[in-house]
**Q** 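My questions all concern the structure below.
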Amino acid sequence: MAKRGAFIVIEGLDRSGKTTQVTTLQARLETEGIPVKLFKFPDRTTAVGNMIDSYLRSQSELDDRAIHLLFSANRWELATTIEALVSQGTTVVCDRYAFSGVAFSAAKGLPLDWCRSPDVSLPAPDVTLFLDITPEKARERGGYGEERYEKEEMQRKVRDIFRDISSEFDKGTWVTIDAGREREDVAVDVWKCARPLTSGLTSPVQRLWETGKDK
Ligand code: Z5A
Ligand code: MG
């Protein structure tokens, strides 16, 4: 049976080092000769992504539900590409995904189930590596920037919701990594989790949240 690539998502709070770690993982996979493609959500380069970018930089206002649906649409517009790459044997590494979508919108007060629904049936990651960091540690990394949501109170709420989301997954598909350490130490843990998946998988890609609970 032909083997497919893995779908690996790195999630986490602001300044937890997601972009640093996806880049390091991509380089490591390339060194090992494993075909890899990186995605980042929001993907601000698409038409939908442009609207999201403008909202995040407070250059436009949108209803909370409208922006939530745009974040989801931004994933759906790339879902087929992700699935095709994975089925051709490429490992896809993704910087944020639907879990950020749910966590940030639910932190604004939207119901969790409503937040989840537009992302139901997206390709499900084979593993989600959640980079956990305290707001205090995150602040040490240069403080919060200018964008919407980059406020400590918001980040605390988001962290609590990520905890709730993680409890729905088993330990094999959701791994929490202490991201308050040195870059290299975090990268070692990321690699430990990613490596076993990169020798090729035979199981089909699952669909996110289709049964209500992911296992
Ligand atoms: N959002 C949403 O609401 N709904 C959705 O569906 C999605 C997203 C997908 C923009 O996301 C906002 O969109 C985000 C969630 C919301 N709002 N917030 N907050 P984004 O992904 O575009 O945000 P970003 O600015 O790229 O990521 P980030 O979270 O701020 O940073 P990061 O990628 O986690 O960290 P980093 O860029 O790798 O590192 C940050 C700094 O720390 C940098 O100077 C590094 O050199 C340094 N760093 C990294 N690792 C370490 C360690 N281990 N030690 C010390 N310093 C470190
Ligand atoms: Mg980033």
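In each ligand, atom 1 is the first atom listed, and ligand 1 is the first ligand listed.
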**Q** Do the non-hydrogen side-chain atoms of Ile67 and Arg148 ever get within less than 4.5 Å of each other?
**A**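 Answer no - side chains too far apart.
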
**Q** Please state which protein non-hydrogen atom is closest to atom 8 (C) of ligand 1 and give its distance, to 0.1 Å?
**A**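 Among all protein heavy atoms, the one nearest atom 8 (C) of ligand 1 is Phe71 CE2, 3.6 Å.
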
**Q** Show the nearest heavy-atom pair for residues Glu11 and Ser100, with the distance to one decimal.
**A**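 Taking Glu11 first and Ser100 second, the nearest heavy atoms are OE1-OG, 2.6 Å.
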
**Q** With a cut-off of 6.0 Å (strictly less than), are more than 12 heavy atoms of other residues, nucleotides or ligands near CD of Gln59?
**A**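 Yes - once you tally the heavy atoms of other residues, nucleotides and ligands closer than 6.0 Å, there are more than 12.
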
**Q** Is Trp174 reachable from Val22 through a run of hydrophobic residues whose side-chain heavy atoms are each under 4.5 Å from the next?
**A**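 Each belongs to a different hydrophobic cluster.
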
**Q** Is the positively charged end of Lys108 above the ring of Phe104, judged by distance under 6.0 angstrom from the centroid and angle within 45° of the axis?
**A**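 No - Lys108 does not lie over the ring of Phe104 by the 6.0 Å and 45° rule.
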
**Q** Measure the distance from atom 18 (N) of ligand 1 to every protein heavy atom, then report the residue, atom name and distance (to 0.1 Å) of the closest one.
**A**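 Answer, as residue, atom name and distance: Phe104 CE2, 3.5 Å.
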
**Q** Tell me whether Leu129 shares a hydrophobic cluster with Leu29, the cluster being built from Ile, Leu, Val, Met, Phe, Trp, Tyr side chains joined at under 4.5 Å.
**A**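 Same cluster.
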
**Q** Do the side chains of Thr20 and Arg183 get nearer than 4.5 Å, heavy atoms only?
**A**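 With C-beta onward as the side chain, the pair touches.
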
**Q** Counting non-hydrogen protein atoms only, what is the nearest one to atom 46 (O) of ligand 1? Give residue, atom name and distance.
**A**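 Protein heavy atom with the smallest distance to atom 46 (O) of ligand 1: Arg183 NH2, 3.0 Å.
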
**Q** How does Leu56 reach ligand 1, if at all, at less than 4.0 Å between non-hydrogen atoms: by side chain, backbone, both, or neither?
**A**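 The answer is the side chain.
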
**Q** I need the nearest protein heavy-atom contact for atom 55 (C) of ligand 1: residue, atom name and distance, please.
**A**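 Nearest protein contact, heavy atoms only, for atom 55 (C) of ligand 1 is Arg141 NE, 3.4 Å.
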
**Q** What do we get for Arg75 next to ligand 1 when only non-hydrogen atoms under 4.0 Å count, side chain, backbone, both or neither?
**A**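 It is the side chain that touches ligand 1; the backbone stays farther off.
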
**Q** Heavy-atom contacts with Glu182 under 4.0 Å: which atoms of ligand 1 show up? List them by number with element.
**A**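 Taking each heavy atom of Glu182 in turn, ligand 1 has 53 (N) under 4.0 Å.
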
**Q** To check your reading of the model: name the closest protein heavy atom to atom 26 (O) of ligand 1, its residue, and the distance in Å.
**A**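 Closest protein heavy atom to atom 26 (O) of ligand 1: Lys40 NZ, 3.2 Å.
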
**Q** Counting only heavy atoms closer than 4.0 Å, does ligand 1 sit against the backbone of His68, its side chain, both, or neither?
**A**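 Within the 4.0 Å criterion, His68 makes no contact with ligand 1.
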
**Q** Check whether any N or O atom of Ser16, backbone or side chain, sits under 3.5 Å from an N or O atom of ligand 1, and answer yes or no.
**A**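 It does: an N or O of Ser16 is found under 3.5 Å from an N or O of ligand 1.
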
**Q** From the options Asp14, Asp53, Thr19, select the one whose nearest heavy atom is closest to atom 37 (O) of ligand 1.
**A**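 Heavy atom nearest to atom 37 (O) of ligand 1 belongs to Thr19.
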
**Q** Regarding ligand 1, does Gly101 bring an N or O atom to under 3.5 Å of one of the ligand's N or O atoms?
**A**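 Yes; at least one N/O pair falls below 3.5 Å.
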
**Q** Under 4.5 Å between any side-chain heavy atoms of Thr128 and Tyr97, yes or no?
**A**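 In short, these two side chains do not touch, never coming nearer than 4.5 Å.
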
**Q** List the steps, then state whether side-chain hydrogen bond (donor to acceptor under 3.5 Å, both in side chains) holds for Thr173 with Asp170.
**A** CA-CA 6 Å; Thr173 51; Asp170 69 24; 3.1 Å; yes

**Q** Should the proximity of Arg96 to ligand 1, defined as any heavy atom under 4.0 Å, be assigned to the side chain, the backbone, both, or neither?
**A**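 It is the side chain that gets close, since no backbone atom is under 4.0 Å.
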
**Q** If hydrogens are left out, which of Arg181, Gln155, Glu147 has an atom nearest to atom 19 (N) of ligand 1, that is, the closest non-hydrogen atom?
**A**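 Among Arg181, Gln155, Glu147, the closest heavy atom to atom 19 (N) of ligand 1 comes from Gln155.
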
**Q** Kindly work out whether a path of hydrophobic side-chain contacts (I/L/V/M/F/W/Y, heavy atoms less than 4.5 Å apart) joins Phe162 to Phe41.
**A**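 As far as the 4.5 Å side-chain criterion goes, Phe41 and Phe162 are connected within one cluster.
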
**Q** Going hydrophobic residue to hydrophobic residue with side-chain gaps under 4.5 angstrom, can you get from Trp76 over to Trp114?
**A**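 Cluster IDs for Trp76 and Trp114 differ.
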
**Q** So which heavy atom in the protein is nearest atom 25 (O) of ligand 1, and how far is it from that ligand atom?
**A**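 For atom 25 (O) of ligand 1, the nearest protein heavy atom comes out as Glu150 OE2, 4.4 Å.
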
**Q** Answer yes or no for Thr19: is there an N/O/S atom below the 2.8 Å cut-off from the Mg ion (ligand 2)?
**A**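 Checking the Mg ion (ligand 2) against Thr19, an N, O or S atom does fall under 2.8 Å.
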
**Q** If you measure from each heavy atom of Arg44 to ligand 1, is any distance below 4.0 Å?
**A**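 For ligand 1, residue contact (heavy atoms, under 4.0 Å) with Arg44 is present.
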
**Q** Report yes or no: do Leu208 and Val205 belong to one cluster of Ile/Leu/Val/Met/Phe/Trp/Tyr joined by side chain heavy-atom distances under 4.5 Å?
**A**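 Linked, Leu208 and Val205 end up in one cluster.
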
**Q** With atoms numbered from 1 as shown, which atoms in ligand 1 lie under 4.0 angstrom from a non-hydrogen atom of Leu13?
**A**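 Those atoms are 29 (O), 34 (O).
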
**Q** Would you please indicate yes or no on a ring centroid separation below 6.0 angstrom for Phe99 and Phe169?
**A**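 For Phe169 and Phe99, the ring centres are under 6.0 Å apart.
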
**Q** Take atom CD in Glu136; do more than 12 heavy atoms of anything else shown fall under 6.0 Å from it?
**A**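 Atom CD in Glu136 is packed in, count exceeds 12.
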
**Q** So, applying side-chain contact (heavy atoms from CB on, under 4.5 Å) with Leu131, which one of Ile177, Val175, Leu13 is it?
**A**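 So, applying the side-chain contact (heavy atoms from CB on, under 4.5 Å) to Leu131 and each of Ile177, Val175, Leu13, only Ile177 qualifies.
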
**Q** Below the 3.5 angstrom mark, is there an N/O of Arg15, backbone or side chain, next to an N/O of ligand 1?
**A**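 Yes, since at least one N or O of Arg15 sits under 3.5 Å from an N or O of ligand 1.
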
**Q** Could you say whether the N/O atoms of Gly17 and ligand 1 ever approach to under 3.5 Å?
**A**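 In this structure, Gly17 places an N or O atom under 3.5 Å from an N or O of ligand 1.
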
**Q** Relative to atom 36 (P) of ligand 1, which among Ile10, Val102, Ile67, Thr20 owns the nearest non-hydrogen atom?
**A**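 Ranked by closest heavy atom to atom 36 (P) of ligand 1, first place is Thr20.
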
**Q** Find all atoms of ligand 1 within a distance of less than 4.0 Å from any non-hydrogen atom belonging to Pro42, and give their numbers and elements.
**A**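 This gives 8 (C), 9 (C), 11 (O) as the contact atoms.
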
**Q** So which protein heavy atom does atom 29 (O) of ligand 1 come closest to, and at what separation?
**A**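 Nearest neighbour among protein heavy atoms for atom 29 (O) of ligand 1, to 0.1 Å: Lys18 NZ, 2.6 Å.
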
**Q** Going by a strict under-4.0 Å cutoff (protein heavy atoms only), does atom 33 (O) of ligand 1 have a neighbour on the protein?
**A**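 Yes, at least one protein heavy atom sits under 4.0 Å from atom 33 (O) of ligand 1.
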
**Q** Is atom 43 (C) of ligand 1 less than 4.0 angstrom from at least one protein heavy atom?
**A**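 For atom 43 (C) of ligand 1 the answer is no, since every protein heavy atom stays at 4.0 Å or beyond.
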
